[in-house]
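Take a look at the structure below.
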Amino acid sequence: MFPQDGRDAATSRRRRRNVLLDRSVERAALDQLLAGGRVGVSGALVLRGEAGIGKTALLDYALAQAGDCRVVQAAGVEAESELAFAGLHQICAPVLDRLARLPAQQGRALSTAFGLSVGEAPDLFMVGLGVLGLLAGFADEQPVVCIVDDAQWLDQASAQVLGFVARRLRTESLIMIFAVRGDLDSDDMPELKGLPVMTVTGLTDEHSRALLASTFLGRVDERVLDRIIAECHGNPLALTELPRGFTAAELGGGFGIISHGALPRRIEESFRRQIAALPPDVRTLLLVTAVEPVGDPVLVWGALTRMGVPVESHLTASWLAAEFVDFGFGVRFRHPLLRSAVYRAASETERRKAHAALADTMEPGTDPDRRAWHRAQAAAGPDEDVATELQTSAARAQTRGGFAAAGVFLERAAELTPDPTRRASRLLAAAQARHVGGAPDVALRLLALAEADHSSELDRARADLLRADIAFTVDRGRETADLFLKAASRLEPLDVGLARSTYLDALRAAWYASDSGSSGTLGDVARAAAAAPVATAPVRPSDLLLDGLAVRYTAGFAAAVPKMKEALQAFQKPDLASEEGLRWMWFASSIATDLCQDDAADALTGSYVRLARESGALADLPLALTTRILMHLFAGDLSEASVLIMELDDVADGTGIPVPSYMALLLAAWQGDEARTLELAAVSTADARRRGEGLAPAIVGWAQALLYNGAGRFGEALSAAQLTIQSSLEPGVLTGAPLVELIIAAARSGQPELGADALERLSISTQACGTDWALGMEACCRAMLTNGARAEDLYVEAIERLNRTKIRPLTARAHLYYGEWLSELGRRDDGRDQLRTAYDMFAAMGMEAFAASAAHRLGMNVRQRPSNDAGPLTPQETHIVKLAREGLSNAEIGTRLFISPRTVEWHLSKIFAKLGITSRRQLRR
């Protein structure tokens, strides 16, 4: 039993709630995190747990312990979860005066995201770098602690950016602590995956009793007390709030606490009972506060007056509401469940009145988007004026990169649209925005609603196209090409240009499906594309692309080379429109690689990544990065490929869109890492089988053949390569590269006849291409199947041609095989020269298996390295060295690598120590 408290009970309860019972482990973790921040070690922590479990109390503890640090705070608000960058603005508001100190691209991105300036939709990664730079600069003078409560209600853009920043903390004296309701092992908060997590659990029975003792005001039956403790499972908020609202008799006799519902809902029900007992003016005040998520007192009091509460009653209402709401610089509920309890306790009519009062109180030019949202929530039925206003807000959100917000504005606009055709069009636009913003499931739901409405024929065709586009983004499965073909056929009589573009989409989908059993094979799509209406003037680069590919997949590779070269030239023109370039640069980049034009491939893949980053449309970035990584692999830039693969993983984490691990697999094979290659091969095969994608066997077999050829296990390489070569694959990089491995493996394993057949097939494309890369590759392969003086001529030709390209790994292999051939003829000195060149090239590129093979031929210890070796630098450190040698500043390097300038400085200090130097100038030497 507990004694009766006096008149100061409410004050006493608030004071006692600030005392943390138990929580020694959690407090120790927070203390350690803060201590690290004070000595320059950054860190992040996610506090995870159910509603009311004590996460906010732990955040308050961290704030109390961070008295010597700068503090920035934000809290996710459910009502603002669809307003792009709303949560991020709370974090950055104190440091926005430092925007001018950021690199120009980052400053522009943040300025546009926050609506401070008008421009193209900002790249989300550039926004993230800007936030990292702002906070790191803020921490230069004093450690910074960033607290984010209720992170599960952050808008998607803010959550992605803050997760991006938290994963890149190193030496900035910056601490980030998130509180999240729910289970991070689920997909509820993918933006924070990968961060350290501490699960906050319930109090022990002993501490539960102590907490109850500090909150009960009356006598409680011991059996009731035991039941409360058992049913609350140590949840502090439940222990303090669930018994409230019951009479003394109920608590004394055990009646009333019998619900078996979910705990948060039971807590909310307790709040609702307490709210119901309040005077009407106080309930109105609480409702306005619940509806106005920013907590602006001016708006709250203004709306309260418009709802009929006299000004002279405001003070009394606020005093009576103080148990539920804190009044200070902002108006804030003391627990987020209170907000939802207040909102749900009100009737629909009362909610609409509150939204209308807030909309009328807000100045139209101050925050037009939030005002439009309040007007929309206040609408009792269709209202075209409000719908149009929401559509304008959606356009503003989209220019800031807030595709999720744009989708929500458009969805609500559709609900308020009286005209069925216009409503379907807005739903389709909402679906498109949510798809581009990386929310395919939501996009499909909106798409289904649009298709069920009175759509125009053009909108129905566009809906087919969007459905196909979503399918390709999500899984690239066997049915995707058929979906694109259906959309293209429907578009032909309506929009010739869009129909032709859709045939290109179908060709890309069929290429990935790789004749996996669907009807939409490359041949099927190419025949349909060839029969499509001719392009109207002016002819676009994509039209040239479609014509070339239609010939390629119907008449053959050689016949299509002239048209494909013409398309390539169009894509390299400086006046190429960004939209045209972004949508079709994948094809152009792939064709450049298939045609063995290394200069064009390097330029186009670089442009593709730049366009994808600048657009802010994250759905396009994975394909762009993939083409660039592949070019780096062919060029032997393994460290740069590794950095981009990390970025590719970041994009997948941030958007939730799965990205196949093909590039990581190929990198592991190039590096000679057998365990990693075989692990990723198994993952890629299983994943592709699940999605119905037929591309995996070609890439997996190529990677394994490359790995085994590097290790000198030619029989295994031959088996892997033979499984890779499929008759359905047209000539191109996924045919040519595995054929090279097959020819080399066949020549080295004593089966030249198999190599001869493969060489004949390879030469079809290499002769048609006619570039140094193509002809050098063919000459090297032909030399391995040739005897006598002719073989030496071919080796020399291969080396001369490949030396004029960027394709260093193949050049090194030509030196290796030439050196081995010379050594076998007894020309040991000549052979050692070639082998030494091969070894130096392989070692510099990080191709360990091939380097070991050359070293073995030279009689070297595998661990030996040339005297000028740069030491055990990580891939990221190697990349930083390269960029620093090019003269980039720390801020520019940080922008390129998605890290802070302070982290670049930290890496450089480690690099200097490893290399035994003291300055950037010495790096250049």
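Basis for what follows: all heavy atoms, side chains included, without hydrogens, waters or symmetry-related copies.
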Side chain proximity check, [X] to [Y], heavy atoms < 4.5 angstrom:
X: Leu45; Y: Met198; result: yes
X: Leu545; Y: Ile591; result: yes
X: Thr626; Y: Leu630; result: no
X: Phe472; Y: Leu483; result: no
X: Leu742; Y: Leu718; result: yes
X: Arg676; Y: Leu665; result: no
X: Lys914; Y: Glu877; result: yes
X: Ser642; Y: Leu667; result: yes

Within this structure, what is the [atom1]-[atom2] distance for the pair [X] and [Y], rounded to the nearest 0.5 Å?
X: Glu760; Y: Leu739; atom1: CD; atom2: CG; value: 11.5 Å
X: Tyr608; Y: Leu625; atom1: OH; atom2: CG; value: 9.5 Å
X: Ile743; Y: Leu759; atom1: CD1; atom2: CG; value: 4.5 Å
X: Cys769; Y: Leu595; atom1: SG; atom2: CG; value: 5.0 Å
X: Met663; Y: Thr627; atom1: CE; atom2: OG1; value: 9.0 Å
X: Leu835; Y: Leu858; atom1: CG; atom2: CG; value: 5.0 Å

Please give me the minimum heavy-atom distance between [X] and [Y], naming the atom from each residue.
X: Ala481; Y: Val525; answer: CB-CG2, 4.5 Å
X: Gly776; Y: Ala798; answer: O-CB, 3.4 Å
X: Pro440; Y: Ile470; answer: CB-CG2, 3.9 Å
X: Leu604; Y: Phe571; answer: CD2-O, 3.8 Å
X: Ile645; Y: Ile629; answer: CG1-CD1, 3.6 Å
X: Ala635; Y: Arg808; answer: O-NE, 3.0 Å

[X] side-chain N/O to [Y] backbone N/O, donor-acceptor pair under 3.5 Å:
X: Asp602; Y: Asp598; result: no
X: Ser684; Y: Ala681; result: no
X: Thr677; Y: Asp673; result: yes
X: Thr171; Y: Trp906; result: no
X: Asn709; Y: Glu741; result: yes
X: Ser719; Y: Gly715; result: yes
X: Ser661; Y: Ala664; result: no
X: Thr199; Y: Arg48; result: no

Quick test of your reading of the model: are [X] and [Y] salt-bridged, counting only N-O distances below 4.0 Å?
X: Arg552; Y: Asp594; value: yes
X: Arg628; Y: Glu640; value: no
X: Arg813; Y: Glu820; value: no

Start with the C-alpha distance between Arg583 and Asp505, add both sets of side-chain angles, then the distance that settles salt bridge (Lys or Arg N to Asp or Glu O under 4.0 Å), and finish with yes or no.
CA-CA 9 Å; Arg583 185 170 185 188; Asp505 283 321; 2.6 Å; yes
If you apply the rule side chain to side chain contact (heavy atoms under 4.5 Å, CB included), what do you find for Leu169 with Leu132, and how did you get there?
CA-CA 8 Å; Leu169 297 179; Leu132 179 58; 4.1 Å; yes
Candidate pair Ile764 and Phe557, rule side chain to side chain contact (heavy atoms under 4.5 Å, CB included), full reasoning
CA-CA 8 Å; Ile764 295 173; Phe557 185 88; 5.5 Å; no
Salt bridge (Lys or Arg N to Asp or Glu O under 4.0 Å) evaluation trace for Glu191 with Arg167
CA-CA 10 Å; Glu191 297 86 357; Arg167 283 188 289 271; over 6 Å; no
Could I get the full list of salt bridge (charged side-chain N to carboxylate O under 4.0 Å, His left out) partners for Asp469, not counting sequence neighbours?
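Once residues adjacent in sequence are excluded, Asp469 has no partner under the salt bridge (charged side-chain N to carboxylate O under 4.0 Å, His left out) criterion.
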Run the side chain to side chain contact (heavy atoms under 4.5 Å, CB included) test on Glu716 and Gln704 for me, step by step, so that the C-alpha distance in whole Å, both residues' side-chain angles and the decisive distance to 0.1 Å come before the verdict.
CA-CA 8 Å; Glu716 292 172 84; Gln704 291 178 327; over 6 Å; no
Ser42 side chain to Arg170 side chain, donor-acceptor N/O pair below 3.5 angstrom:
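The answer is no; no qualifying pair exists.
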Compute whether any side-chain donor of one residue and acceptor of the other, for Thr605 and Ser589, lie under 3.5 angstrom apart.
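Their side chains do not contain a donor-acceptor pair, so the 3.5 Å distance test is not met.
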Determine, step by step, whether Leu623 and Arg508 satisfy the side chain to side chain contact (heavy atoms under 4.5 Å, CB included) criterion, reporting the C-alpha distance in whole Å, the side-chain angles of both residues, the deciding distance to 0.1 Å, and the verdict.
CA-CA 11 Å; Leu623 279 178; Arg508 180 174 61 180; 3.7 Å; yes
Mind checking whether Phe634 and Trp773 have ring centres under 6.0 Å apart?
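Yes.
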